[in-house]
There are 2 protein chains.
Amino acid sequence: MTKLSNSFKKIQSFYDQKKRMPSYSEMAKLTGVSSKNAVYKMVERLCGLDLISKDETGRLIPGKSFQGVRLLGYVEAGFPSPAEEELSDTMSMDEYLIDNKEATFMLKVKGDSMIGAGIMPGDMVLVERGREARDGDIVIAEIDHGWTMKYLHRRNGKIILMPANPKYLPILPKEELKIAAVVKAVVRKY
Amino acid sequence: MTKLSNSFKKIQSFYDQKKRMPSYSEMAKLTGVSSKNAVYKMVERLCGLDLISKDETGRLIPGKSFQGVRLLGYVEAGFPSPAEEELSDTMSMDEYLIDNKEATFMLKVKGDSMIGAGIMPGDMVLVERGREARDGDIVIAEIDHGWTMKYLHRRNGKIILMPANPKYLPILPKEELKIAAVVKAVVRKY
DNA sequence: AGTATAGGTGAACGAGCGTTCACCAGTCAA
DNA sequence: TTGACTGGTGAACGCTCGTTCACCTATACT
């Protein structure tokens, strides 16, 4: 554990708590040095490593690999050794899952009608409004004054809402069918 | 759309891009007013709504409902109308999914051995290292020089690794069994 | 007509910012 | 032993920060 990466972790956890970067003086206190210039040089080093950046006004902003969790390989291909972890990429969940924050909503799944698609009751789904639903998408649809989540299929001009559970029957909407949102992601927490 | 919430959105998207709050002068440019004091009063109003906060040094930090996506109700209980959306809570994916960033890793699932638990091939799992595995947890385990993801069960002192797919057989480790990590969440993107 | 009130202007204040300077103590290779 | 380098101190610089002041509109409500 180098001193540099130790200081970086302190800065990282400061940002996690406050959602802003510490000033140079604050970093001096965090890292235990008593001169702003020592910090300044350290920040320059961190900028070189792309861990921290500066915007056009000189203010500090988190660098590319600042936020998020480390991304590893495949689970069946083996779990990396501690040495390999150093090289791994990082990824923020928010960035990974959300394209358009304004139109994205999270909602909780009730019922088991999509269990065959790996969506269990109690899961959270991230849905995006105003996006065009394509054949095979999972959608939130209004059907006969109620809302359901189903696969959307188009068969020669007609729309079919397919559950992913043999217990339930496909829905052939008679008249009104409003697609409220398209399911973009599923999230389950244990 | 009030002017206040319009300005707030500009600030929000500034933060999204730069990962820091704009200064009062920057906000003045963003919102089109020409006096810092006008911005100051606006920020006070936003602080009252908990959209923006100040830390102990007076610097601005994002408020509680600043980041993340809006959280809605149950999907089968109905999709809220636009009016209801105003009242909804918000939630950051990072905060929701990650407790201990240092020990959390993301890895991609290969194979269908946990399909019964709603974990499909290609899904991402968030795993946490160094956490004690309890009975019923899904774990990443080293078994006979390989790594797998399985349910962990304890039966009178013995450990069984259970797949969630009838195609595969439970694993009764003979000797060495190292639990590398516990699966905390599953994420699937469409 | 009168008058609160919400929201804006423009100037001012001290404090703290990011940055730079000159200098110093160790470490390591030549 | 010398000399270059790395990482630190402490003081200084101009600039921008957050904040406050007095004053200025409009609109809304008696």
Side-chain angles (χ1 to χ4, degrees), chain A residues 1-67 83 86-87, chain B residues 1-67 83 86-87:
Chain A
M1 181 69 59
T2 76
K3 191 164 187 205
L4 187 68
S5 82
N6 209 336
S7 301
F8 176 66
K9 278 188 186 163
K10 294 230 179 77
I11 296 169
Q12 229 176 334
S13 83
F14 184 101
Y15 186 89
D16 274 351
Q17 283 166 40
K18 306 257 221 164
K19 308 295 181 202
R20 70 165 174 90
M21 286 302 242
S23 74
Y24 285 67
S25 339
E26 283 168 329
M27 287 190 208
K29 270 175 205 151
L30 280 178
T31 57
V33 298
S34 62
S35 156
K36 273 203 295 176
N37 186 28
V39 178
Y40 185 78
K41 290 178 185 168
M42 182 193 70
V43 168
E44 295 270 287
R45 267 174 272 146
L46 289 171
C47 283
L49 299 169
D50 266 329
L51 296 171
I52 291 182
S53 304
K54 301 187 187 187
D55 66 7
E56 60 280 0
T57 70
R59 294 157 87 103
L60 299 178
I61 54 178
K64 218 187 141 293
S65 351
F66 200 91
Q67 295 169 107
E86 304 282 337
L87 312 167
Chain B
M1 182 69 59
T2 76
K3 190 163 187 205
L4 186 68
S5 81
N6 209 336
S7 302
F8 176 66
K9 278 187 185 164
K10 294 231 178 77
I11 296 169
Q12 229 175 335
S13 82
F14 184 102
Y15 186 88
D16 275 351
Q17 284 166 41
K18 305 255 220 165
K19 309 295 180 201
R20 71 165 174 90
M21 286 302 243
S23 73
Y24 285 67
S25 337
E26 284 168 329
M27 287 189 207
K29 270 174 206 153
L30 280 178
T31 58
V33 298
S34 63
S35 155
K36 274 201 298 178
N37 186 27
V39 179
Y40 186 80
K41 289 177 185 167
M42 182 194 69
V43 168
E44 296 268 288
R45 265 174 273 147
L46 289 172
C47 283
L49 299 170
D50 266 330
L51 296 171
I52 290 182
S53 305
K54 301 187 187 186
D55 65 7
E56 61 280 358
T57 69
R59 294 157 87 101
L60 300 178
I61 54 179
K64 217 185 142 295
S65 351
F66 200 91
Q67 295 167 106
E86 304 283 336
L87 313 166

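Here is how names work: the chains are called A, B, and so on, in the same order as the sequence lines, proteins then strands, and each is numbered from 1.
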For a quick test of reading the model: is some side-chain N or O of [X] closer than 4.0 Å to OP1 or OP2 of [N]?
X: B:Ser23; N: D:dT16; value: no
X: B:Ser34; N: C:dG10; value: yes
X: B:Arg45; N: C:dG7; value: yes

Check the distance between [N]'s [atom2] and [X]'s [atom1] and give it to me in whole angstrom.
X: B:Met42; N: D:dT19; atom1: CE; atom2: P; result: 13 Å
X: A:Asp55; N: D:dT16; atom1: CG; atom2: P; result: 13 Å
X: B:Met21; N: D:dG18; atom1: CE; atom2: C1'; result: 14 Å
X: B:Arg20; N: C:dC17; atom1: CZ; atom2: P; result: 15 Å

For nucleotides 19-26 of chain C, tabulate all protein N/O to nucleotide N/O atom pairs closer than 3.5 Å, reporting atom names and distance.
residue : atom : partner : partner atom : Å
C:dT19  : OP2  : A:Tyr24 : OH           : 2.9
C:dT19  : OP2  : A:Lys54 : NZ           : 2.8
C:dT19  : O4   : A:Lys36 : NZ           : 3.4
C:dT20  : OP2  : A:Tyr40 : OH           : 3.0
C:dC21  : N4   : A:Asn37 : ND2          : 2.6

Identify all pairs in which a protein N or O lies below 3.5 Å from an N or O of nucleotides 24-28 of chain D, and state each distance.
none

Which residues share a side-chain contact (heavy atoms from CB on, under 4.5 Å) with A:Ser13, sequence neighbours left out: A:Gln17

Distance-only donor-acceptor check, side chains B:Asn37 and B:Ser35, under 3.5 Å: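 There is no such pair (donor and acceptor under 3.5 Å, judged by atom type) between the side chains of B:Asn37 and B:Ser35.
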
Which distance, rounded to the nearest 0.5 Å, do you find between the CD1 of B:Ile11 and the CD1 of B:Ile52? 4.5 Å

Look up atom CG in A:Asp55 and atom CZ in B:Arg20, then write down how far apart they are to the nearest 0.5 Å.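 Between A:Asp55 CG and B:Arg20 CZ, I get 4.0 Å after rounding to 0.5 Å.
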
Residue of the set B:Tyr15, B:Phe14, B:Phe8 for which side-chain contact (heavy atoms from CB on, under 4.5 Å) holds with B:Gln12: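 Passing option: B:Phe8.
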
Applying ring-ring contact (aromatic ring centres under 6.0 Å, His included) as the test, list every pair that has at least one member in residues 24-64 of chain B; sequence neighbours left out.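 Checked against ring-ring contact (aromatic ring centres under 6.0 Å, His included) - neighbours excluded - the pairs reaching residues 24-64 of chain B are B:Tyr24-B:Tyr40.
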
Check if the side chain of A:Ser35 and the base of D:dG10 share a donor-acceptor pair of N or O atoms closer than 3.5 Å.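 Check passes, donor-acceptor contact within cut-off.
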
With sequence neighbours excluded, residues passing side chain to side chain donor-acceptor pair (under 3.5 Å) with B:Arg59: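 With neighbours one apart ignored, the set is empty.
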
Partner set under salt bridge (Lys or Arg N to Asp or Glu O under 4.0 Å) for A:Lys36, not counting sequence neighbours: none

What's the shortest heavy-atom distance between B:Lys54 and B:Val43, and which atoms?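 Distance-wise, the nearest heavy atoms are CE-CG1, 4.4 Å.
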
